[in-house]
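In what follows, chains are A, B, ... by sequence order, proteins preceding strands, each numbered from 1.
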2 protein chains.
Amino acid sequence: MQKKITLTSDSHRCSTCMLNSLCLPVGMSTVDIARFEEVVQERIRVPKGDTLFNTGDPAQAIYGIRVGSMKTQLEDATGHIQVTGFLLPGEIVGLDGFLEGKQLSHAIALEDTEVCVARVNEIDRVIAHVPALQHQLRRLTSQEIKRSQQLVMALGVLRSEQRLAAFLVNMSQRLSILGYSSTEFILRMSREEIGSYLGLTLETVSRLFSRFAKENLIRIHQREVQLLDLPALRELAGSDYG
Amino acid sequence: MQKKITLTSDSHRCSTCMLNSLCLPVGMSTVDIARFEEVVQERIRVPKGDTLFNTGDPAQAIYGIRVGSMKTQLEDATGHIQVTGFLLPGEIVGLDGFLEGKQLSHAIALEDTEVCVARVNEIDRVIAHVPALQHQLRRLTSQEIKRSQQLVMALGVLRSEQRLAAFLVNMSQRLSILGYSSTEFILRMSREEIGSYLGLTLETVSRLFSRFAKENLIRIHQREVQLLDLPALRELAGSDYG
DNA sequence: CGATTGATTGACTATGTTCAAGTAGAGTGG
DNA sequence: CCACTCTACTTGAACATAGTCAATCAATCG
């Protein structure tokens, strides 16, 4: 589960990456991106099911997902697992540990995944010359806090059906930003993982999917979802959370 | 609810404050504290029930609680409220908004409270000269993320009794750091606020308190609590979360 | 001292969990 | 290519937990 394949070939650069308008370089000038590129000197392939890092690992880098998807999760003393997020291409993993140098969560690949590595000491080296990077890191960290707070809100005040609707709406929105369909996509995570994320059992998730389907809100077959009534789902979720 | 009384008298300084070993200056040298003191040029009195700031307010400062206590809460579009934390003297409010300049949550005084104001632009001015401050802010922000993740964990995987036990153990631990009794204290928040924090109704909180009392884990009368069996409470909470 | 707010307790209900059985797909080896 | 296996998912029935509604009580504040 620790198998990571490091690719030091730097044939791919941020400046030519399709995701550069979504990933860490978002909003940076061409010059800044060129400077930032020096920071990203390697990529790592993480096969499906493998961990990129575990809680307590020294946080030497933050990772931008290039292809694939990951989950982050917490584990308590009694072994209970709480999934805290699902990460898509262009999104950054490892931000929660970055500030103090120790990873707070586990990061595990949901499918064969490739991440770009931005080492902390490299970041520190160029950050003085690239103010946009400083700004970017602040923004992303803030977003990370916001994301966590939204999850607290969902777990604290929403009923199960609302949580699942919020989850679907959120996935839809993020996938559409990536250029994928906002109404038809494949879930890369299991019912159990969705349940863990939403504080529900896998059975409840499964039942809710079936019920949504019966109510013509969605069509679902295994991990293929089709959102038939996005407005209704939004309404259910409470219009935030998405 | 917006009444804030600003005290510009600087008769009280961090260097002579009893909380300086717990508050923002924690771990700073005498010299650094002296430099940092310049940042804190005012204090604000927030009467019980008043807000220090609301979601969306420009985050011009972070606030260290001098006396009293506060709660932070989120509110969604439908008016649902989720309490995200209870803050005690020496703890910092406003960190979640600090990174992006907009407050993410509301901060409301649970009792008559006084906070020290560290303005963001003042912080930016001295931060280059006080490396310990930079480090401190990172540490505190990281702690804020950790706190939020712990709440997610509690809401996601713990049963109601475990959540309440975790809450009591956590309060106990933080109060003992402040030099108060770890086994006898007064809750500054209502049953409803505890419920909102833990994702429960006020009735459930009340019933659980009664049950804990019947099981001789605690003694409780209104807001006065006495923890009779801290180890058992820890055990219930699952030994983390405290 | 009455009024108001906060807390407790009870009865009933709903929501989601648990346990269990069964099904469908994906991958594997003969 | 087909049977076999494993895993993920679905569905049902019984149960438990926590929520809702309502009445009562206690404490605090004008």
- Residues that A/E215 engages under side-chain contact (heavy atoms from CB on, under 4.5 Å), provided they are two or more places apart: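 With sequence neighbours excluded, A/E215 shows a side-chain contact (heavy atoms from CB on, under 4.5 Å) to A/R211, A/F212, A/L217, given in chain and number order.
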- Can you name the salt bridge (Lys or Arg N to Asp or Glu O under 4.0 Å) partners of A/E111, sequence neighbours left out?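 A/R188.
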- Item | Counterpart residues, salt bridge (Lys or Arg N to Asp or Glu O under 4.0 Å), relative to B/E184 (two or more places apart) |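 None.
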Pairing residues for [X] by the side-chain hydrogen bond (donor to acceptor under 3.5 Å, both in side chains) criterion, not counting sequence neighbours:
| X | result |
| --- | --- |
| B/E91 | B/R174 |
| A/R223 | none |
| A/R147 | A/E144 |
| B/T201 | B/T204 |

- Which parts of residues 198-213 of chain A get close to DNA chain C, meaning a heavy atom less than 4.0 angstrom away?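 DNA chain C contact set from residues 198-213 of chain A: A/G199, A/L200, A/T201, A/E203, A/T204, A/R207.
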- Message: Please give me every residue in residues 214-225 of chain A whose heavy atoms get under 4.0 Å of an atom in DNA chain C, ordered by residue number.
- Response: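 By residue number: A/H221.
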- Query: Does the B/R66 side chain pair with the main chain of B/C17, one donor and one acceptor, at a distance under 3.5 Å?
  - Reply: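 No, because the side chain of B/R66 does not come within donor-acceptor range (under 3.5 Å) of the backbone of B/C17.
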- Distance-only polar pair, side chains of B/Q103 and B/N54, donor-acceptor under 3.5 Å: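 Short answer, no.
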- With B/F98, which residues qualify under ring pair (Phe, Tyr, Trp, His ring centres under 6.0 Å), at least two apart?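 Residues passing ring pair (Phe, Tyr, Trp, His ring centres under 6.0 Å) with B/F98: none at all.
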- Query: Does anyone know the first and last nucleotide of DNA chain D in reach of chain A, 5' to 3', at under 4.0 angstrom to a heavy atom?
  - Reply: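 The contacted stretch runs from D/dA8 to D/dA13.
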- Message: Between the opening five pairs and the closing five pairs of the helix from C/dC1-D/dG30 to C/dG30-D/dC1, how far apart are the helix axes, to 10°?
- Response: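 Terminal axis comparison yields 40°.
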- Could you give the CD1-to-P distance, from B/I194 to C/dG6, as a whole number of Å?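 For the pair B/I194 CD1 and C/dG6 P, the rounded distance is 13 Å.
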- Message: Are the side chains of B/T113 and B/V67 in contact, using a 4.5 Å heavy-atom criterion?
- Response: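 No, side chains not in contact.
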